[in-house]
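Okay, structure first, notes after.
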Amino acid sequence: MIRAVRGTRDLLPPETALWNYVETMVREVFRVYNFQEIRTPIFEETQLFARSVGEETDIVSKEMYTWEDRGRTASDKGQSLTLRPENTAGVVRAYIEHKLWDRGLNKLYYIGPQFRRERPQKGRYRQFYQIGAEVIGPPTAGSESPARDAELLELLATLLDRLGIADWCLQLNSVGCPNDRAAYNEALRKALEPVVSNMCVDCQRRAVTNPLRVFDCKVPEDQPIIDKLPRISHYLDEPCRNHFDEVQQILKAVGVPFTINDRLVRGLDYYTRTAFEFTHGALGAQNAILGGGRYDGLSESLGGPKAPGIGFAIGEDRLVLALQQTAESVQCKPDVYIAPLGAGMNAEAAKLARELRRQEVVVELGDETFRLKKSLETASKLGARFALIVGENEVKSGAFALKNLSTGDQVAVPRDGLTDEIRSRVQKL
RNA sequence: GUGGGAGUAGCUCAACUGGCAGAGCACCGGACUGUGGCUCCGGACGUUGUGGGUUCGAUUCCCAUCUCCCACCCCA
């Protein structure tokens, strides 16, 4: 048997209804905030990700699906291509390629699959779905303003609330600009040097490879040491500090709750200044439902003009997971089950189905070979509200038996005005 | 990539220290030839994830492999 490959999965009904609900709601919220959709290819030149996400990150160094494309001729080597592990790089590439700065501030969103070759786990798949947004443009369009950060965060709070995600928690931090971070990294290294030998093996490794990661440590014995380490907030330069303050002020003004988490460090190289994460309990270890931040230097590092930006990505798989904890699955139920009864009734049933569906009545169509018992059984199993019996007697008399499946009441409805009668009965409930 | 747990009917799970692979739900049919839900009766259900090994005999023990789950790493 051929099965879905490791880390990929089929989304089946009724779960797909929940996905559609999420995506419909998301699009509606984006519309109100005046965002527009962008769709970029699911594969790009490998270089794009290497240069934006960062060569040294786990994503680029070991998680990408990369292959050599065939060249056009024998001597032509072909290029290295990669399935997108995230979507910000692609959006910024499109921004540069299509000179989107001519449009001023771009407020873009996307919904689509991303690919990372990680070990699968609950809430973590090799093909996973992200709903993301990017606000990017020339500084003169206001792209650098803390107002953009706050607007995006407020949008997210609204979105989660409207989706019915009960208890989310917004964690906020500023990672400063590259200069700040270099100075901070240095200070952190120095502070760790004398104490690191008392810490867990993971921390000892992190202290060398990536000191910031020490803050992710969950070993209780290490916490007192970690608490005494210097924080990035003390190493922000004045513009960065002011920017961060302003973001917080606006959030308070609009009433979006947040907690400052000066241990929050985003992994991707391109992040600057505002970094954030929305977490949700009941998701296990993969409790980050979405994350994002500002990337003021990304466009330039990809050869574009100065184009500060900020964005986020929601893990749609995790969002759906969180919704499944609370919401009961809503299954689509037909209004009417049409039960053709006996040879030659399929055609008449199809005609009626067509008429009803044109009136927006949800119709499930049975088959003339079914006995009536089976038809009604099927109808009630599907949760249909009415069954419409289309048999010889009905055709002869010109009146069709309409049975209310919850009460058991049955009436004869004349062929003339039948669809109107059914539609009004359906709407009444 | 590392460590641990688990894979048995469509689903949820049984099967003692190795001895004929079972139950509930779901499915199909009948009781009831054009009237569902309730009830009763019957039916079909499986290379026990896969491949090796030990054994008279393996769902059970051993090895390998695949997949899922939990955690690490990291991220959404």
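A, B, ... follow the sequence lines: proteins, then strands. Residue 1 opens every chain.
Nucleic acid contact class of Arg371(A) (heavy atoms, under 4.0 Å, all strands): sugar-phosphate only. Nucleic acid contact for Arg117(A): sugar-phosphate only, since backbone atoms but no base atoms lie under 4.0 Å from a heavy atom of the residue. In this structure, Ala379(A) reaches neither bases nor backbone, as no heavy-atom distance under 4.0 Å exists between it and the strands shown. Across all strands shown, Gly123(A) has heavy atoms under 4.0 Å from base atoms, whether or not it also approaches the sugar-phosphate. Arg6(A) comes within 4.0 angstrom of the backbone, heavy atoms only, and of no base. Leu341(A) comes within 4.0 angstrom of a nucleotide base, judged by non-hydrogen atoms across all strands. In this structure, Asn393(A) reaches the bases: a heavy-atom distance under 4.0 Å links it to at least one base atom across the strands shown. Note on Gly7(A): only backbone sugar-phosphate atoms sit closer than 4.0 angstrom, heavy atoms only; bases stay farther off. Using a 4.0 Å heavy-atom distance criterion, Glu392(A) is classed as a base contact.
A search for salt bridge (charged side-chain N to carboxylate O under 4.0 Å, His left out) contacts involving Lys190(A) returns nothing, not counting sequence neighbours.
Among the nucleotides A76(B), C69(B), A71(B), the one closest to any side-chain atom of Gln121(A) is A71(B). Of the candidates C69(B), C28(B), G34(B), the closest approach to any side-chain atom of Lys381(A) belongs to C28(B). Of the listed nucleotides (U2(B), U67(B), A76(B)), U2(B) has the atom at the smallest distance from the side chain of Arg119(A). The side chain of Glu118(A) has C74(B) as its nearest neighbour among C68(B), C70(B), C74(B).
Straight-line distance from the NE2 atom of His280(A) to the P atom of C75(B): 22 Å, rounded to whole Å. Taking atom CD on Glu63(A) and atom C1' on C72(B), their separation rounds to 14 Å, with Å as the unit. Trp168(A) places its CH2 atom 18 Å from the C1' atom of A76(B), with the value rounded to the nearest Å.
For Arg124(A) and C75(B), the shortest distance from a side-chain N or O to OP1 or OP2 is not below 4.0 Å. Taking 4.0 angstrom as the limit, Arg116(A) places none of its side-chain polar atoms (N or O) nearer than this to OP1 or OP2 of C74(B).
Both Pro120(A) and Gln130(A) lie close to RNA chain B; mapped to their nearest nucleotides by heavy-atom distance, the more 5′-ward contact belongs to Pro120(A). Toward the 5' end of RNA chain B, the nearer of the two residues Phe128(A) and Val5(A), judged by each one's closest nucleotide, is Val5(A).
A donor-acceptor contact closer than 3.5 angstrom links the side chains of Glu15(A) and Trp19(A). In this structure, a donor-acceptor pair under 3.5 Å is present between the side chains of Tyr295(A) and Glu134(A).
Across the C1' atoms, G34(B) and U39(B) are found 22 Å apart, a figure rounded to whole Å. The gap from the P atom of U17(B) to that of C25(B) amounts to 29 Å, rounded to the nearest Å. For the P atoms, the distance linking U65(B) with G4(B) amounts to 14 Å, nearest Å. C73(B) sits 15 Å from G3(B) when the P atoms are compared, rounded to a whole Å. On the P atoms, C61(B) is 27 Å away from G1(B), given to the nearest whole Å. Taking atom C1' in both G7(B) and G49(B), the straight-line distance is 6 Å, to the nearest Å. Remark: the separation of the P atoms in A58(B) and G53(B) is 12 Å, to the nearest Å. A distance of about 39 Å separates the P atoms of U47(B) and U35(B), rounded to the whole Å.
Ring-plane geometry between Phe312(A) and Phe30(A) is classed as parallel, the angle between the planes falling under 30 degrees on a 0 to 90 degree scale with a further cut at 60.
Note on Glu118(A) versus Arg126(A): no salt bridge recorded, every NZ/NE/NH1/NH2 to OD/OE distance being 4.0 Å or above. Ion pairing between Glu63(A) and Arg119(A) fails under the 4.0 Å rule for side-chain N and carboxylate O.
For the pair Glu277(A) (side chain) and Gln171(A) (backbone), a donor-acceptor distance under 3.5 Å is absent.
Across every strand in view, C45(B) sits unpaired, with no contact that passes the Watson-Crick or G-U test at under 3.5 angstrom. Here A23(B) sits opposite U12(B) as a Watson-Crick or G-U wobble pair (both hydrogen-bonding atom distances under 3.5 Å).
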Q.
So if I define the base as every atom that isn't primed, P, OP1 or OP2, how would nucleotides 35-48 of chain B read as a B/S/- string at a heavy-atom cutoff under 4.0 Å?
A. BBB-----------
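The CD1 atom of Ile422(A) sits 7.5 Å away from the CG atom of Leu352(A) when rounded to the nearest 0.5 Å.
Residues Phe258(A) and Leu153(A) are not in side-chain contact: their nearest non-hydrogen atoms beyond the backbone lie 4.5 Å or more apart.
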